[in-house]
Structure formats: structure tokens, C-alpha cells
Amino acid sequence: MPADPAALLDSGFCVSYKTMGGDWNPIGCAKLVLLLFLNVHASQNLVRCGVPPVRDCSQIKSQHPEATSGLYMIQPAGVPKPFKVFCEMQSDGGWTVFQKRSGGEVSFRKDWLAYKHGFGNPQSDHWLGLQRLWAITKAGGSRWALRVDLWDFEGGSAFAEYRDFKLGNESQAYRLEVWGYYGTAGDAIRGRDPSALLLPGLNQNCRSFSTLDRDNYSCAPCAFGNISADTCSHEEGGGGWWYSRRCGLASLHGEWHPAGKNWDQASGLHWFTWKDSGPYSARATRMMVKAHVANQ
């Protein structure tokens, strides 16, 4: 039997679908074709998601070098139920995507619980969740790398990669640690920009995660450039992030701004070491992690 619905129609399969009275029922035929199509589509997703679940995308790529990018089911140690992630399968291994932004459809103006548990669709714009990210990267026997990809509105792109990435647990407010930068976007997280010498407190390394309803950076007052604000989350469009005492040079969870309105915005998708001509809000961003030594 052909799997493609169009092939089913061309093959004359539907003509054999009869009603109780013996007459051909085109409505019933259409329902049957749709049912077959959904069944085939679901089967393909089950193959892509993989059974049994594994712990991260690095392990999938290690065990199946032919694996391609897409949705997979994973289940890190200690997590009661498997969940879907998008795996970016590259020549250097399998990367687990935990953040993606490409437009304004999904708001990142969320509270602590939303950032803890995640939101959005892993196949498109989403935040996987701090608790899930911690569960993935706490596995013993592996060092983890963080990669940040940025795209602008002019057809350009850049990346920042940190060879060592660690995330604290919830009692540590998911404290961020990164080391060993290389890339083309600049080391915004650690404030490695010449102008940072004029504004101490921009280093976001070893900082805890903060949201509008949970301030973990304890700045008084918070300062975004020369502007004073009650909280960095508020100034950055309501997005949660690892803010420093003076907010910092990296923040990818502010408001998404369309082309032509993405310059000189206090809120936005910022990576201030990337562009030299003032505040620039990126068109798209992606954050992902990978184990240096895949879990076996």
C-alpha cells in the first residue's frame, strides 16, 4: 500500500472504499487518506525521537554517527519522564539546543517558574528550562561546552563558544560558569570588551539567574550603560538572564525587534561585543550545549 496520500489517490485505492449501500463515499475516502497520512507521520516521529530515551544529543551522535538534526526524546539521570529536545547534529558531535529565538511570536517576558520549567516549542522558538538544562549537564564523566549563535538582519552571523560550561542547581539559582572562549562574536558574557574597563561590574560569569519576580544579582541600583533601573530584567524587556551587578554585555531574552527597529534599543537580543555601532538587537539566536566526552 502506498504511504503517500497522493499516491493512494492515484492508485485507485479510494475507489474501493464503499459505504454500506455500496456507493463510493468521497468524504469517507478523504478521512481514510488523512488517517493513513497521520499514521505514517507519527511513525516517522517515533523513529526520529528514538526508543529507548538517551541522556543527551551527544550520546545519540556518539552511538549513531549517521543521526541527523531534529527532535529526539532524551531522559537525563534523575529525571522521571523523558522529554523532547532539538538536536543539532554537526561534525563535531551532537548539540542539545536549549534556547532559540527567530521572531516575536514567543514572549520571553516570563517569571521564575516559566524559566525553570521551560516554554515554547523545541522545534521552533523556545526555552528548554533551567531544571532540564541542569539535569542534562550534571552528568558525571563529561565536560560541557556552550555555543551561542547569532544572526543579524543583514545576512551575517557570528558565534561565541565556551569550551567549559557549568550550571549550578536551583539552590544556587542556576549559577553560570563559562571558560575558554573562542569565536567571532566576542566574549560578552565575561565582559571582555575594551569599554568594560570604564564600567566595572559587567562580568556575568559566576552569576545566578534572575527574572522579573526573583532578583538574584543584588545590584543597587542596577545600571544599563548610563541608565539606572530597578532591575536588569525590567530594563531588558522582562527577560530572565544571568545578569551582573551592572546588567552586563550579554542578554538574549529581551524584546524581539524587527528590522529597522532593532537599533539603539535598551531592550532586545543583545550581545554587545558583536557590533561596534551601538546597541543592536539580533534577528535570531540559538544556545546549545555538548559533552566533550559523550556519556556511554
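Proximity of Asp164 to Arg143: side-chain heavy atoms (C-beta onward) are separated by under 4.5 Å at one or more points. Considering only heavy atoms from C-beta on, Leu71 comes within 4.5 Å of Pro122 through its side chain. Counting heavy atoms from C-beta outward, Leu269 and Arg101 have side chains that approach closer than 4.5 Å.
Separation of atoms OG (Ser208) and CG (Asn216) is listed at 5.5 Å; rounding is to 0.5 Å. Residue Leu252 holds its CG atom at 6.5 Å from CG of Leu150, rounded to the nearest 0.5 Å. Distance check: Phe119 CZ to Leu113 CG gives 12.0 Å after rounding to the nearest 0.5 Å. From Leu146, atom CG reaches atom CE of Met288 across 9.5 Å, with rounding to the nearest 0.5 Å. If you take OG on Ser107 and NE2 on His253, they are separated by 11.5 Å, rounding to the nearest 0.5 Å. Atom OG of Ser281 and atom CD of Glu255 lie 9.0 Å apart (nearest 0.5 Å).
Every residue meeting the side chain to side chain donor-acceptor pair (under 3.5 Å) condition with Asp149, not counting sequence neighbours, appears here in chain and number order: Arg147, Arg286. With sequence neighbours excluded, the residues that form a side chain to side chain donor-acceptor pair (under 3.5 Å) with Tyr162 are Asp187. A search for side chain to side chain contact (heavy atoms under 4.5 Å, CB included) contacts involving Lys61 returns Met89, not counting sequence neighbours. The side chain to side chain donor-acceptor pair (under 3.5 Å) search around Arg207 returns none, not counting sequence neighbours. Partners of Pro76 under the side chain to side chain contact (heavy atoms under 4.5 Å, CB included) rule, at least two apart in sequence or in another chain, are Ile74, Val79, Phe83, Ala135, Ile136. With sequence neighbours left out, the side chain to side chain contact (heavy atoms under 4.5 Å, CB included) criterion links Gln131 to Lys116, Trp134, Glu170, Tyr174. Here Pro65 pairs with nothing under the side chain to side chain contact (heavy atoms under 4.5 Å, CB included) rule; sequence neighbours left out. Under the side chain to side chain donor-acceptor pair (under 3.5 Å) criterion, Glu105 pairs with no residue at all, not counting sequence neighbours.
Under a 3.5 Å cut-off, the side chain of His292 and the backbone N or O of Arg163 do form a donor-acceptor pair. Checking side-chain atoms of Thr285 against main-chain N and O of Trp151 turns up no donor-acceptor pair under 3.5 Å. With Glu161 contributing its side chain and Val148 its backbone, the two residues share no donor-acceptor pair below 3.5 Å. Without hydrogens or angle criteria, Tyr243 side chain to Gly248 main chain gives no donor-acceptor distance under 3.5 Å. Checked by atom type and distance alone, the side chain of Ser69 never pairs as donor or acceptor with a backbone atom of Glu88 at under 3.5 Å. In terms of modelled atom types and a separation under 3.5 Å, the side chain of Thr137 and the main chain of Leu133 share a donor-acceptor contact. Not one N or O on the side chain of Gln63 forms a donor-acceptor pair closer than 3.5 Å with the backbone of Ile60. Checking side-chain atoms of Asp213 against main-chain N and O of Trp112 turns up a donor-acceptor pair under 3.5 Å.
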Legend entry - Residue pair Ile189, Leu176: steps toward the side-chain contact (heavy atoms from CB on, under 4.5 Å) verdict: CA-CA 10 Å; Ile189 289 179; Leu176 171 74; 4.0 Å; yes

Inset, instruction - Begin from the C-alpha positions of Trp179 and Arg190 and carry the test side-chain contact (heavy atoms from CB on, under 4.5 Å) through to its verdict. - result: CA-CA 9 Å; Trp179 308 98; Arg190 295 190 295 173; 3.7 Å; yes

Inset, instruction - Start with the C-alpha distance between Phe209 and Trp241, add both sets of side-chain angles, then the distance that settles ring pair (Phe, Tyr, Trp, His ring centres under 6.0 Å), and finish with yes or no. - result: CA-CA 5 Å; Phe209 199 87; Trp241 192 259; 7.3 Å; no

Legend entry - side-chain hydrogen bond (donor to acceptor under 3.5 Å, both in side chains) evaluation trace for His257 with Ser267: CA-CA 9 Å; His257 298 286; Ser267 65; 3.2 Å; yes

Inset, instruction - Could you check Lys290 against Asp56 for salt bridge (charged side-chain N to carboxylate O under 4.0 Å, His left out), going step by step and ending with a plain yes or no? - result: CA-CA 8 Å; Lys290 181 194 69 169; Asp56 69 280; over 6 Å; no

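Counting only residues at least two apart or in different chains, disulfide bond (SG atoms under 2.5 Å apart) contacts with residues 90-121 are absent. Sorted by first then second residue, the disulfide bond (SG atoms under 2.5 Å apart) pairs that include residues 57-90, not counting sequence neighbours, are Cys57-Cys87. Note on residues 117-126: pairs passing side-chain hydrogen bond (donor to acceptor under 3.5 Å, both in side chains), not counting sequence neighbours, are Ser102-Asp125.
A salt bridge does not link Asp111 with Arg214: none of the charged nitrogens is closer than 4.0 Å to a carboxylate oxygen. For Arg175 and Glu177, the salt-bridge test passes: some basic side-chain N is under 4.0 Å from an acidic carboxylate O. A salt bridge between Lys275 and Asp152 is present, with a side-chain N of the basic residue lying under 4.0 Å from a carboxylate O of the acidic one.
Ring orientation note: the planes of His270 and Phe272 are tilted relative to one another, at an angle of 30° to 60°.
Checked against the 6.0 Å centroid criterion, the rings of Phe165 and Trp144 do not qualify as a close aromatic pair. Ring centroid separation for the pair Trp127 and Phe108 does not come in under the 6.0 Å cut-off.
Other members of the hydrophobic cluster containing Phe159, listed by chain and number, are Tyr182; membership follows side-chain contacts under 4.5 Å among ILVMFWY residues, whether direct or relayed.
For the side chain to side chain contact (heavy atoms under 4.5 Å, CB included) with Trp242, the lone residue among Leu167, Val178, Asn205 that qualifies is Leu167.
The two residues Ala158 and Trp274 come nearest to each other via the heavy atoms CB-NE1, 3.4 Å. Nearest approach of Ala160 to Tyr181, heavy atoms of both residues: CB-CE1, 3.6 Å.
A cation-pi arrangement is absent between Lys84 and Tyr72 under the rule of less than 6.0 angstrom and at most 45 degrees off the ring axis.
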